[in-house]
Amino acid sequence: MQLMLYNTLTRKKEVFAPLKNNIVRAYFCGPTVQDSPHIGHARAFIAFDILVRYLKFRGYKVFFIRNVTDIDDKIIEKAKKENVTPFEIAHRYYLEFLHAADALKLLHPNIEPFATGHIPEIIELIKKLIDKGFAYTTKSGDVYFDVLKFKEYGKLSGQRISELKAGARIKPGEEKKNPIDFALWKAAKPGEPSWPSPWGRGRPGWHIECSAMTMKYLGETIDIHGGGADLIFPHHENEIAQSEAATGKPFARFWFHVGLLRMRGDKMSKSLGNIVPIFEALRRYDHETIRLWAINTHYRKPIDFYWDLLENTEKILDDMYSSLFLAEQQLETEHKTTESLNDFNERLRDFIAEFKKAMNDDLNTPKALGILRDFTEFLKSNLNRLSKSQIETAIKEIRELGWVLGILQMSLEERIQEKRRRGKDISTIVPPNYIESGDIKPFLDLIIAVRNELRKRKIFDLADSIRERLKQMGIALEDSKEGTKWRIKK
RNA sequence: GCCGGGGUUGCCGAGGGGUAUGGCAGCGGACUGCAGAUCUGCUUUAGCUGAAAUCCGUGGACGCGGGUUCAAGUCCCGCCCCCGGCUCCA
């Protein structure tokens, strides 16, 4: 079945297939390393990550780039304020971003290029634009893109030049021909980092790096170009203009834009003081919970963030994990192999087909997730009817589909560790009678035997107090028809 | 103002012409001596019919109002509200 992807350029879902061979070439606009990455970034990068994972799952080779913008006005501003070099600021926040990306288990891009590492390529591209008459220089050494020269300007964002002109204004000191022209090269101001160029010392404008680096590593026409929805205008519009003006070819075939984050309806911003850095979220919830939060909303829709929502999300994840761990435990211990489910293969095929169907529809992760949940529920409720090899197959498939969404990749031990690190109850995920140290098992068995004797003699107050004290020690007792089971809580 | 994206039950969210998917939360029931775990049920609803009803039928109900259709969250028209872009943003 074909993968349909929404293309901002055409405002439609279109059949996706790579231009050349079986290799998908993609470029995602990475961070401007000016501050700690926040959960809005996380949402966007998780969406890119899911796209890459699903493309791989479908059998494509994916070659993708995520750039780092390491020079811009805000970085310079911050450096001045802290009295350090802009490179120190960029380096600091780049490292933070890298740690966050790793903590969220984002797949590594094939290349992670820096703007400042590609000044020669940028200069070459600007030269080409000047030669072709799409760009002009000014007395002070700036270079601007001449927007009116590019006839298709506005095709991505749907903006009309006449509308844009009405709103735009030339700031004092700028020597633009037209208020909507944008800078390709900015002449150096005293104290700012700068590089030599044919137009004097200066630094690249914001948009040009992406075009230069895309072309260098991926060619003149790439399959997918992604970014946050806030980048559609002006950033991506400008990228298209400068790239297509230079090459005369389409720059990107698919434009993939991720919806923005809201804080319970509000915008997340410094002035509202409601920015949640990725690390704060990770302190309270593990990376899979955060990923699940992100994919529980379709990537193009606005997503809300608040702590209760993550709490809820963690429950959903734990529910799936508990089924998985219960099944895994059953494999290792008491599973009776006498039975097997007749239509197992059919059911398995259905779950996988439905999952793919959902993902093929413009990465409908909320739906795919629902199917994966049904799958884990099916596994749990049929444990006694499945053969050992059927259980094994189901677990393997669940974990493979989970990989696409970036969840259900932990072992029981790892999951327990994540929970303990945050001081959380683990009884929601551990299977009954699971115990890490075999040493205490005989004692536990003894206590339970004694307590059951008390229960038989209807000395319930004593039996209950044993249960209560074990609970305080972190062991919950569950009396059932099959006898008393325990479950560790801490 | 211009350009996008949204508005589905207490909450999150699928569904894009054919009985409103699933979860969370809440409240019941089963199982338990109790609890937990598990399973299961209910959770939009004015009016009308009727002695009455938690039942049956009818009828509304997916922001609001119209329309197309045998049939409308779903398509069309108009409007309201929310978010974003038009200035740095993922």
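Proteins get letters first, then strands, A, B, ... in listed order; numbering begins at 1 in each.
At whole-Å resolution of the value, CD in A:E209 and C1' in B:C88 are 13 Å apart. Taking atom CG of residue A:L369 and atom P of nucleotide B:G15, one finds them 13 Å apart after rounding to whole Å. A straight line from CG of A:L156 to C1' of B:C86 spans 14 Å, rounded to a whole angstrom. For the pair A:H207 NE2 and B:A90 P, the interatomic distance rounds to 13 Å; values are reported in whole Å. The distance from atom CG of A:L372 to atom C1' of B:G23 is 14 Å, rounded to the nearest whole Å. Distance CD (A:E377) to P (B:G23): 8 Å, rounded to an integer number of Å. Here B:G22 presents its P atom at 12 Å from NZ of A:K367, a figure rounded to the nearest Å. When the C1' atom of B:A90 is taken as reference, atom OH of A:Y299 falls 14 Å away, rounded to whole Å.
Using a 5.5 Å limit on the distance between ring centres and a 30° limit on the angle between planes, the aromatic ring of A:F45 does not count as stacked on the six-membered base ring of B:A90.
For A:L309, whose side chain is taken as the heavy atoms from C-beta onward, the closest listed nucleotide among B:G33, B:C2, B:C12 is B:C12. Listed nucleotides B:C2, B:G33, B:A90 differ in distance to A:D230; the shortest reach to its side chain belongs to B:A90. Across B:C88, B:C2, B:C39, the shortest atom-to-atom separation from the side chain of A:K380 is found for B:C39. If you check B:A90, B:G6, B:C12 against the side chain of A:N296, the one that comes closest is B:C12. The side chain of A:P366 lies closest to B:A14 when the candidates are B:G6, B:A90, B:A14. Among the nucleotides B:A90, B:C2, B:A14, the one closest to the side chain of A:R160 is B:C2. Comparing B:G33, B:G5, B:C86 by their closest approach to the side chain of A:P302 singles out B:G5. Ranking B:G33, B:A90, B:G85 by closeness to the A:F233 side chain, first place goes to B:G85. The listed nucleotides are B:A90, B:G33, B:G4; the one nearest the side chain of A:C29 is B:A90. If you check B:G6, B:C12, B:A35 against the side chain of A:Y306, the one that comes closest is B:C12.
B:C70 and B:G65 are spaced 23 Å apart, taking the P atom of each and rounding to whole Å. The gap from the P atom of B:A37 to that of B:G26 amounts to 11 Å, rounded to the nearest Å. Straight-line distance between the C1' atoms of B:C55 and B:C42: roughly 15 Å, to the nearest whole Å. Rounded to whole Å, the separation between the C1' atoms of B:G73 and B:G60 comes to 15 Å. Taking the P atoms as reference points, B:G22 lies 28 Å from B:C76, given to the whole Å. Separating the C1' atom of B:U19 from that of B:A71 is a span of 12 Å, rounded to the nearest Å. Nucleotides B:C12 and B:A25, compared at atom C1', are 11 Å apart to the nearest Å.
The stretch residues 91-105 of chain A participates, sequence neighbours left out, in these salt bridge (charged side-chain N to carboxylate O under 4.0 Å, His left out) pairs: A:E82-A:R92. Screening residues 372-382 of chain A for side-chain hydrogen bond (donor to acceptor under 3.5 Å, both in side chains), with sequence neighbours left out, gives A:N382-A:R385.
B:G15: glycosidic angle beyond 90° from 0, hence anti. Taking 90° from 0 as the syn/anti boundary, the base of B:G29 is oriented anti.
For A:R487 against B:A37, a side-chain-to-base donor-acceptor contact under 3.5 Å is absent. Side chain A:R467 to base B:C34: a donor-acceptor pair is found below 3.5 Å. At a cut-off of 3.5 angstrom, the base of B:C11 holds no donor-acceptor pair with the side chain of A:D308.
In this structure, A:G370 reaches neither bases nor backbone, as no heavy-atom distance under 4.0 Å exists between it and the strands shown. Within 4.0 Å (heavy atoms only), A:S427 reaches no atom of the nucleic acid at all. Among the protein residues, A:D374 comes within range of no part of the nucleic acid, since none of its heavy atoms lies under 4.0 Å from any strand. Contacts of A:I371 with the nucleic acid, taken as non-hydrogen atoms under 4.0 Å apart, are absent.
The main-chain N or O of A:A463 is found under 3.5 Å from a side-chain atom of A:R451 such that the two form a donor-acceptor pair. With A:E237 contributing its side chain and A:S157 its backbone, the two residues share a donor-acceptor pair below 3.5 Å. Panel note: side chain A:N67, backbone A:P113; no donor-acceptor pair is recorded below 3.5 Å. In this structure, A:R53 contributes its side chain and A:L405 its backbone to no donor-acceptor pair below 3.5 Å. Checked by atom type and distance alone, the side chain of A:R43 pairs as donor or acceptor with a backbone atom of A:G259 at under 3.5 Å.
Aromatic rings from A:Y27 and A:Y217 are positioned such that their centres are separated by 6.0 Å or more. For A:F48 and A:F45, the gap between ring centers is short of 6.0 Å. Ring centers of A:Y434 and A:F325: at least 6.0 Å apart, outside the cut-off.
Within the 4.0 Å cut-off from OP1 or OP2 of B:G7, at least one side-chain nitrogen or oxygen of A:K301 is found. The shortest distance between the side-chain N/O atoms of A:N364 and the OP1/OP2 oxygens of B:G15 is below 4.0 Å. Taking only side-chain nitrogens and oxygens, A:Y6 comes nearer than 4.0 Å to OP1 or OP2 of B:G5.
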_Test salt bridge (charged side-chain N to carboxylate O under 4.0 Å, His left out) on A:D73 and A:K189; report intermediate values, then the result._
CA-CA 11 Å; A:D73 292 349; A:K189 290 182 194 140; over 6 Å; no

*Could you please spell out the steps behind the salt bridge (charged side-chain N to carboxylate O under 4.0 Å, His left out) verdict for A:D319 and A:K315?*
CA-CA 6 Å; A:D319 190 49; A:K315 272 183 196 158; over 6 Å; no

With 3.5 Å as the limit, what N/O pairs link the protein to nucleotides 74-76 of chain B?
none

*Take nucleotides 24-31 of chain B nucleotide by nucleotide from the 5' end and write B, S or -, depending on whether a protein heavy atom sits under 4.0 Å from the base, only from the sugar-phosphate, or from neither.*
SS-----S

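For A:K419, the NZ atom counts as densely surrounded, since its 6.0 Å shell holds more than 12 non-hydrogen atoms of other residues, nucleotides or ligands.
For RNA chain B, runs of at least 3 consecutive pairs of the Watson-Crick or G-U wobble type, with both hydrogen-bonding distances under 3.5 angstrom, map to B:1-7 with B:80-86, B:10-12 with B:22-24, B:25-30 with B:38-43, B:63-67 with B:75-79.
At a non-hydrogen distance threshold of 4.0 Å, nothing from residues 92-102 of chain A comes into contact with RNA chain B.
Between the side chains of A:Y299 and A:D362, at least one donor N or O lies within less than 3.5 Å of an accepting N or O. Looking at A:T313 and A:N296, their side chains never bring a donor and an acceptor atom within 3.5 Å of each other.
Comparing A:G228 and A:L477 by the nucleotide of RNA chain B that holds the closest heavy atom to each, the one mapping nearer the 5' end is A:L477.
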